[in-house]
Every structure is written in structure tokens, then in C-alpha cells.
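First up is the structure itself, then whatever we jot down about it.
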Amino acid sequence: GLAIAYVGARAIVEMTFAGATFVPFDAAPSATVVGFAFAVSLATGMLFGAAPAVLASRSDPIDALRGARAATEFTGRIDAPDTDSVFFRVFPRPFFRVFPWLTFRVLLRPRALVALQVALSLALVVCAGLLARSLQNLQRQDFGFRTEGRAIADLAPSSLSAIAPDGLEPIYRRLPERLKEIPGIAGAAFSLYSPMSGDNWSSRITVDGRATSERLSASWNRVSPHYFDVIGTPVLRGRAIDERDRPGAPRVAVVNQTFAKRFFGEGDPIGRRIGFAGRDGSGPRVYEIVGVVGDAKYQDARSPAYATFFLPFLQDRDDPLSVPRSQYPHAIELRLDRPVQSLEPALRHAAAEVDRRLVVTTVMTMARQVELNFNIERLIARLAVVFGSTALLLACLGLYGVTAHSVSRRTREIGIRMAVGASRGRVVRTILGGALAQLAVGLALGVPAALAAGRLLQSTLFGVGSSDPTILAGAAAVLAACALIAGFIPARRAATIDPMRALRLE
């Protein structure tokens, strides 16, 4: 257990902080946590170890002397618990006066415990299925850009700030051309921040045709020519930002579909204007909308795409957004036509050739950048699968143990049945029927528990209902299959009993 705790804690930390360069704590289990787990294990062992001893202590000695089965279950009343038992020294006597029948006749009976195990297993397996389906939906949704054959390179902002604004234009013009000279790179662009990087810039705006008193805001990004083609976001109307959008040219903007619908409704946004208020409050600086692109997600995978507009680099050297650093790109987007060996060194070398102050910090595929957004969801889903599988295993072991114990107690009865003509198939069906009856009780208890657990998870799910019938049916089918296997082994063993040997046992 200690070994599993140590390895499991390290695995959880690695899943949670995947891609991180710094982990703020040690993964080794602390003495407090280990002590707590040991105390809980000890208490559990005392409780469930003493209970069968209490039941056995209530057996009638006369029945034992007459040759009755030693494993006969207690069926009498519990009015006066044995005060000499260790079990009753641990737990107070009044508890059993109030709940004697519930405690011993129901909760501590093996069949009842197995039914509860099945119920809890169903709830955990359903939760694992819901979380796994939710994670799958998150990862496979349409983000509005392509991840296949795309890569992202991050630039160090501190190195870029040393470049004067007047020196940016030749660098930006040369950078994509130099990157496309690397074998395997079919297209290159850069932006203030890249899709699903977790970043988002927003600002107050004015919109043509809307009252200036309205408090309007939207997200925005600066991008280079060919940016939308490189990341795979389609241009739905008009044109994208290209080489003509340079210093001195008319100020233009491209908006996404959500922006167009929110601020222009069913009208055509092409040719309409949006603006920002100047730093000195002298009035908005106006940009003409020249294109509409598809929606793409940049920050939150669970929410719809934000209303976003895109501006060209370098058109506003006296930046009206009061954010001069927006002129410096933080990410380079690449479209690859084939796998590139040693991509990161090649990019660093190419960037240094363009300007030695361009420092590439990290390089990863677009798919990897998207994947890093779901570390917590992936961790929770995997833990749920582990816990559900463990509960399923325990339920199967419990069902197997109770069924095998029942067969051992009924050996003589089975021998008599077979001696008077019962077939082996009939014996298997009889034993298996008892196991399936426990399964049915467990499923009857587990379905409401699973539905309640699903409702508790509803706020964390994406694209799947809390009571998804396919997941519920699938979990029940898995439990039923495992129960059949667990019950069939002792049932088949019972069918191989020799009637004559069974009759001589007692």
C-alpha cells in the first residue's frame, strides 16, 4: 500500500502539471496522510473482522454438538449483546439496542454487503463513464482551427521589447519567409497570442450604428498576413489580413462570426466601422471591417467562442489601446506538410538569423497545446476510472466469495439433489441464480445512486447529460458480465460435486 501510494501520488502530480517547468510541492505522501490512512484501515479491519466473530459467538452449542453446520448464519434475535466480546468493547451497547436488527440482520450480512458493493460500483463506473465521455467531447470538439500538421513556437516577450517599433517591419516581413525555407514548413505566421494558449485580450469599443453611450467590449488579437490560412480558420466573407495592411495604409479589422452576429445581427458587417477611444480622450480611432472569419476558441474550451476582432501588426505605432507591447508577437504558428526532425533547433537558428533578439522559448504541436488545457479533467477522469475499476473488482471478489461460501455450506444439499436426479445444468442455474439475485438488488440500489452522482457532476460535464442512458446501460452490462463470471466459477465447481462424497461429509 505504501508503494502504491508513493507511485500513485507521483503519477497524479505528473498528470496535473503536465508540461509545467516547475512543480510547487513534493509528491511524497506526508506522515500525516499515511497515519490517517493507517488509522482508517485499522478501524475498518476491526469493524469487519469483529462482526463475524460476534455472529459466531451467538451460535447454540447444542446445535454444534448435534453436528449442525459450523457456518450456519445467525437467525435469532439480538436482545442482549455479548458484553465480553471485543466488538462490544469498541462500540457502545445502546447503539445495538436501538439498531440491532438493522445492524446485524441487514447491514452485516454478506449478501447485503455484496449488494451494497454492487450499488457503489455501479455509481462509480457510471461517474467514470460520464467523466471519460466529457473529456472525449472536450478534446474532439470543433475548436475553429486545425490541429493536424500545425505547430506553435513561443517567443520570449522580454527579448522582443528591446526592438524599437521602427525596426519591426523588416523583421516581420523577413521572419515568415525565412521560416518557410525550413524543409517541411509550408506556411508561417505570427500573432499576439495563439489559439488555446489560455490568453485573452479585451477592450472597450465603439461600433458603427450603435450609441456611443453603450458599454461595448470585445476580445482582440493582432495577427500577421496568412494567419488564418496557417491555423486553418476559414474566411467566411470578405478578405483576411494580408501584405497590403502595412503602416500608412487604411486601418482595417477582421471580425469573427460571433462578433458579427452580436453587433450587426443579420446585417452585413463588411465596410462597417469599429473604434477605440484614444489615450487623450480625443475620440475613437476607427477601423474598417474587411472580412469575417469563423469562430475559434483561444481560452475557454467549455464556452462558446468570444466575440473577437483581429488587427494587423504595425498599423498603430502610437497604439490607441494603451498597450504598446501588443506590437510584439508572442507566438509563431506553423503549417507543416510533413513531420520535421529537430524542429525546435531549426526554428531557433532561423529566428536568430532574422534577428538575434528573437528568442524561441518552447515549440510544441498545436494538438499538444490543446491537450494541455485538459490536465485537470484528464486527471479526474483517470482517477474515476481507477476507483471505478477497483470498486468493480471488489464487488466481483465479494460476489465470488459469498457464492463460494454458499456452495460450501450447501454441499450436502447439492449432493442430495444430484443423487435424486438433478442435472449439473440445473445445479449451475440454481447457484448462479442466487448470485444474479444479489446483482439485481445491487443494481436496483445503484441506479438511483448513479443518477444522484451524475447530477452532482453536471457542472463539470461537457456535451453529455448527467443521466446518459447509454453510459448507465453500459455500466450495468459490465457489472452483469463480471457478476456472471464471478458467480459461474463456484457454480461450475458445485456441479462437479460427487453425490456420494457429499453425502458422507456430515
Straight-line distance of Ile185 CD1 to Leu336 CG, nearest 0.5 Å: 6.0 Å
Exam field: side chain Arg222 to backbone Tyr328, donor-acceptor pair closer than 3.5 Å: no
Nearest heavy atoms of Arg348 and Val360, plus distance in Å: NE-O, 2.9 Å
If you look only at distance, which donor and acceptor atoms sit under 3.5 Å apart when one is on a side chain in residues 457-474 and the other is two or more places apart or in another chain?
from   : atom 1 : to     : atom 2 : distance (Å)
Gln458 : OE1    : Ser466 : N      : 3.2
Gln458 : OE1    : Ser466 : OG     : 3.2
Thr460 : OG1    : Leu457 : O      : 2.8
Asp468 : OD1    : Thr470 : N      : 3.0
Asp468 : OD1    : Thr470 : OG1    : 2.3
Asp468 : OD1    : Ile471 : N      : 3.1

Leu456 CG: over 12 foreign heavy atoms closer than 6.0 Å: yes
Audit row: Thr361, Asp154, side-chain hydrogen bond (donor to acceptor under 3.5 Å, both in side chains) steps and yes/no: CA-CA 6 Å; Thr361 56; Asp154 292 329; 4.8 Å; no
Within 6.0 Å of CZ in Arg10, more than 12 heavy atoms from elsewhere: no
Closest approach of Ala296 to Thr233 (non-hydrogen atoms, all atoms of both residues): CB-OG1, 4.1 Å
Closest non-hydrogen atom pair between Val428 and Ala491, with its separation: CG2-O, 3.7 Å
Rounded distance [0.5 Å steps], CG in Leu113 versus CG in Leu399: 12.5 Å
Side chains of Leu155 and Ile332 in contact at under 4.5 Å (non-hydrogen atoms): yes
Non-hydrogen side-chain atoms of Ser217 and Ser202 separated by less than 4.5 Å: no
Gln139 and Arg378, any side-chain heavy atoms less than 4.5 Å apart: yes
Side-chain heavy atoms of Val385 within contact of Ser389, under 4.5 Å: yes
Criterion side-chain contact (heavy atoms from CB on, under 4.5 Å) on Phe145 and Val370, from CA distance to verdict: CA-CA 11 Å; Phe145 54 86; Val370 172; 3.9 Å; yes
Worked check of side-chain hydrogen bond (donor to acceptor under 3.5 Å, both in side chains) between Ser194 and Gln369: CA-CA 10 Å; Ser194 57; Gln369 177 156 294; 3.0 Å; yes
Flag if over 12 foreign heavy atoms under 6.0 Å of CD, Glu148: yes
From Asp199 atom CG to Leu192 atom CG, the distance as rounded to the nearest 0.5 Å: 7.0 Å
Exceeds 12 heavy-atom contacts within 6.0 angstrom, atom CG of Leu42: yes
From Asn373 atom CG to Arg368 atom CZ, the distance as rounded to the nearest 0.5 Å: 10.5 Å
Ser134 side chain vs Leu130 backbone, donor-acceptor pair below 3.5 Å: no
Nearest-0.5 Å distance, CD of residue Gln141 to CD of residue Gln136: 12.5 Å
Closest approach of Tyr400 to Ala486 (non-hydrogen atoms, all atoms of both residues): CD1-O, 3.4 Å
Any Thr147 side-chain heavy atom under 4.5 Å of Thr365 side chain: no
Any Trp201 side-chain heavy atom under 4.5 Å of Tyr193 side chain: yes
Ile152 vs Leu334 side-chain heavy atoms within contact, under 4.5 Å: no
Where Leu347 and Leu179 come nearest, the two heavy atoms and their spacing: CD2-CD2, 3.7 Å
From CA spacing to verdict: side-chain contact (heavy atoms from CB on, under 4.5 Å), Ile182, His349: CA-CA 10 Å; Ile182 300 175; His349 179 71; over 6 Å; no
Note: Glu377-Arg382 ion pair, threshold 4.0 Å (strictly below): no
Worked check of side-chain contact (heavy atoms from CB on, under 4.5 Å) between Ile231 and Arg146: CA-CA 6 Å; Ile231 68 171; Arg146 302 287 298 274; over 6 Å; no
Among Arg262, Gln299, Lys297, the one residue meeting side-chain hydrogen bond (donor to acceptor under 3.5 Å, both in side chains) with Tyr306: Gln299
Full working for side-chain contact (heavy atoms from CB on, under 4.5 Å) between Phe259 and Thr308: CA-CA 6 Å; Phe259 186 101; Thr308 308; 6.0 Å; no
Spacing of Met364 atom CE and Glu344 atom CD [to the nearest 0.5 Å]: 9.5 Å
Under 3.5 Å donor-acceptor, Arg150 side chain and Arg335 backbone: no
Parallel, tilted or perpendicular: ring planes of Tyr227 versus Phe310, cut at 30 and 60 degrees: tilted
Side chain Ser121, main chain Ala391, donor-acceptor under 3.5 Å: yes
Heavy-atom pair of closest approach, residues Leu394 and Gln117: O-OE1, 3.4 Å
Side chains of Ser219 and Tyr298 in contact at under 4.5 Å (non-hydrogen atoms): no
